[in-house]
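Order of the sequence lines sets the chain letters (A, B, ...), proteins ahead of strands, with each chain counted from 1.
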Amino acid sequence: MNQLARLAAQLTTPLLPHDYLTLVDPVLAGSGFRARIRSIQPETVGSCSVEFEVPKSFPSHTAGQYLRLGVDIAGVRHWRSYSITTPQGSTSRRVLSITVKETSNGLMSGHLVRNARAGDLVFLEPAAGEFVLSQEPTELIFLAFGSGITPIMSMIRTLAARGGSPAPVLLIVGARTEDEVIFGEELAALADNEPWLDLVLWESAARGRFDVARLDQLAPNWRDAQTYVSGPSAILDQAVDLWAAAGLTEQLFVERFVTPLAHVDGAGGEVRFSRAGKSTAVDGSTTLLDAGEAAGILMPNGCRMGICHTCVVPLKSGQVRDMRTGEVHGEPGDIIQTCVNAAACDIEIDV
Amino acid sequence: MSALHIVPEVTEEPMSPVLAHLTEADVNEIADRLDAIRDEILADRGEADAAYIRRLIRIHRYLEISGRFTLLASILPPAWLTGTTLLSLAKIIENMELGHNIMHGQWDWMRDPEIHSTTWEWDNVATAQDWKMTHNSMHHTWTNVIGKDEDVGYGRLRVTPDQEWKPEHLFQVATNLLLMTFFEYGISMYDSAVNSESISHDGLDSRKKAIAKAWHKIKPQAFKDYIAFPLLSGISAPTTFAANFTANVVRNMWTHTVIFCGHFPDEVQYFTEEQVEGESKGDWYIRQMMGSANIEGSKLFHTMTGNLSHQIEHHLFPDLPSNRYSEIAPRVRAVCDEFDLPYTTGRLSKQNLEVWRKLAVLSLPNDVAAKLGL
Ligand code: FES
């Protein structure tokens, strides 16, 4: 088989045999994992679950993990992370789903909720993340706020599929109103039928913002349980402080959806050159190429005016400003031209 | 200092006589106009462009597959002719509209790792990496600057009277015929030579390395066309060999012709290093326009030249998607007209005639040519 593949590659060089396979269907081959959207189910207003059948070779996930999803929007590939909401293992057909809530100016979430259709091609990176069920059967508390329910949903579905949890599970779900609880009906039904699951609904419109200090009333035993919390940063920070004060940090698991985005004002920042292991502070009007060279880094370069693309390096984090147009842009993994871009905030580039 | 920071300055001597009438304000105005065209296209790039390049990629692959399959029966003359035609077309599209343009980064904005300047490799014996170095960064930055842009004659041909005459130029028409036939090997050797000089100066060692690298690319290319596919054709082996050789030569002659018509017709101008010193963005744009020539033709013709028939627009904006050059061409031309700048364009036959005539005339020393009234 390997021999055959090698022979085929000699015939198709400089292309690869899979470049021809993609003529049949781009989902069959090509760089990375590919899938087609099977269905899109509306959940609450402004949220939906997107289901796709993943290739056999796609590594299986653990409940609570997320995957990176790539979608071409207006010709440009965008990548975002979404928690997988399907239970772990079990299913024979490798169907995965994610649940997306549209955020304001959310390019990708808006596209998935409003424009995506069954049959669309998507790109996947294997599941990752440390926010997963621990092995020991202990009491569990889940605190899920807004779209923070998604990784926890996979955990609850996994427990339900296994026939329940050996120890009691308390789920506190927060949303503005009951209508806005994603998976509201499914959760209510589970809580009715499953003796191991208790559900507390926290409607912030009526009861105000949830305060983790309330746990003393809602779950007096929280010090003995493993707690998983997922939702907006403010609540996560509160929880981290509370558990730290109790000296129980190992019993708390936190899922942050949005990595705190660096302050982007186009005014420069600290540039880290990861391979060279160097950093330097630059202003917003020095090109990354000039900054790198001034820091003694061997920067690839050619025309130094944005036309030849010799100077491109991958961006690892942060955003850059195109000095020709003033546009602030960049996502992790983007290939940027260092000769015409300046740091828009603290950034890291792979050179 | 990056070129972005260069402040325009009035040069005592204008770049060339045709530019003598331009004021500094004119030059800046030209830069602004051209920048505006570029920004407009950038803002408008999207789905339809992505669909265009993907369609071209599919067309190339279908042409290649059907050509290769037809040639399995190449012992039959009609199959030979059809297969060779299909394969030649495939190779031309692959090298020009795909390879050349993708490696320019014209499609990097899509963020598709399979259509990206950093990952693309082409069906040509010159390696993508070497070619990007000499072509994108040297030729496009220093277009037509004698001594800086080695593409001015590729180190062998004399294409402007300002280049020094050497006895080898006497045979340059023949040299060019040979270069045209084996263009891909010419480019490969030329890239290795230029790059091994510019990358390191440790003489022999870097030269050896460059040759090893070139060979690394040539080997699988030659194996595919001259051993593997002929063998697969069984009884048709010799005819398939001939067909593949022909397809490579057809592609070589075509790319050579398009490229030479883009930079060597009569009205195209060349520059000295002193002329471009302290060049502003507007000066740079003007040099690109003066140093390039377009070829007129149908839509299909433009596609088959990889849109290098819009050489002027390509040189102004080497990383704009090629499918947009034809739409901006009239606007670029309008800028030239307004500022009384030449915009060189003509049919392939005319441009090609000028190229060969020029090579013939310049094969003689300037004084001899003058005496003969050439
Ligand atoms: S050095 Fe040429 S594009 Fe950056």
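Although no hydrogens or angles enter the test, the distance criterion places a donor-acceptor pair under 3.5 Å between the side chain of K224(B) and the main chain of T13(A). The backbone N or O of R77(A) sits less than 3.5 Å from a side-chain atom of R111(B), completing a donor-acceptor pair.
Interface check for chain B: of the options G333(A), G75(A), C311(A), G302(A), the most heavy-atom pairs under 4.5 Å are formed by G75(A). No other option in V76(A), I73(A), T12(A), D72(A) has as many heavy-atom pairs under 4.5 Å with chain B as V76(A). Options A228(B), A51(B), P113(B) differ in how many heavy-atom pairs under 4.5 Å they form with chain A, and the most are formed by P113(B). Looking only at heavy-atom pairs under 4.5 Å with chain A, the residue among E47(B), E64(B), R61(B) that has the most is R61(B). Contact count against chain A (heavy-atom pairs under 4.5 Å) is highest for S137(B) among A48(B), P220(B), S137(B). Interface check for chain B: of the options T325(A), L11(A), L289(A), N301(A), the most heavy-atom pairs under 4.5 Å are formed by L11(A).
Sparse packing is recorded around CD of Q129(B), with 12 or fewer heavy atoms of other residues, nucleotides or ligands lying under 6.0 Å away. Atom CG of L298(A) has 12 or fewer neighbouring heavy atoms from other residues, nucleotides or ligands inside a 6.0 Å radius. By the neighbour-count criterion of 12 heavy atoms within 6.0 Å, atom CZ of F223(B) is densely surrounded, having more than that number from other residues, nucleotides or ligands.
Taking each heavy atom of A74(A) and W109(B) in turn, the nearest pair found is O-CZ3, 4.1 Å. The two residues D123(B) and P14(A) have their closest heavy-atom pair at N-CG, 3.5 Å.
Taking the side-chain hydrogen bond (donor to acceptor under 3.5 Å, both in side chains) definition, one finds that E327(A) meets it with nothing, sequence neighbours left out.
Neither the backbone nor the side chain of H315(B) comes within contact range of chain A, judged by heavy atoms closer than 4.5 Å. Looking at H18(A), the atoms closer than 4.5 Å to chain B (heavy atoms on both sides) all sit in the side chain, from C-beta outward. Of the atoms belonging to D19(A), heavy atoms from both backbone and side chain fall under 4.5 Å from chain B. Of the two parts of L232(B), only the side chain, counted from C-beta on, holds a non-hydrogen atom closer than 4.5 Å to a non-hydrogen atom of chain A. In this structure, chain A has no heavy atom under 4.5 Å from any part of R68(B). Interface remark: H116(B) contributes side-chain atoms only to the contact with chain A (heavy atom separation under 4.5 Å). Heavy-atom distances place no part of W142(B) under 4.5 Å from chain A, backbone and side chain included. Only the side chain of D39(B) comes within contact range of chain A, with heavy atoms under 4.5 Å apart. In this structure, chain B has no heavy atom under 4.5 Å from any part of E293(A).
Each salt bridge (Lys or Arg N to Asp or Glu O under 4.0 Å) pair with one or both residues in residues 131-143 of chain B, not counting sequence neighbours, would appear here, but there are none.
Contact check for D319(B) versus Q337(A): side-chain heavy atoms found under the 4.5 Å cut-off.
Side chains of H309(A) and D108(B): a donor-acceptor N/O pair is present below 3.5 angstrom, by distance only.
Rounded to the nearest 0.5 Å, atoms CG (N136(B)) and CD1 (I307(A)) are 8.0 Å apart. The line from CD of E94(B) to CG of L15(A) is 6.5 Å long, rounded to the nearest 0.5 Å.
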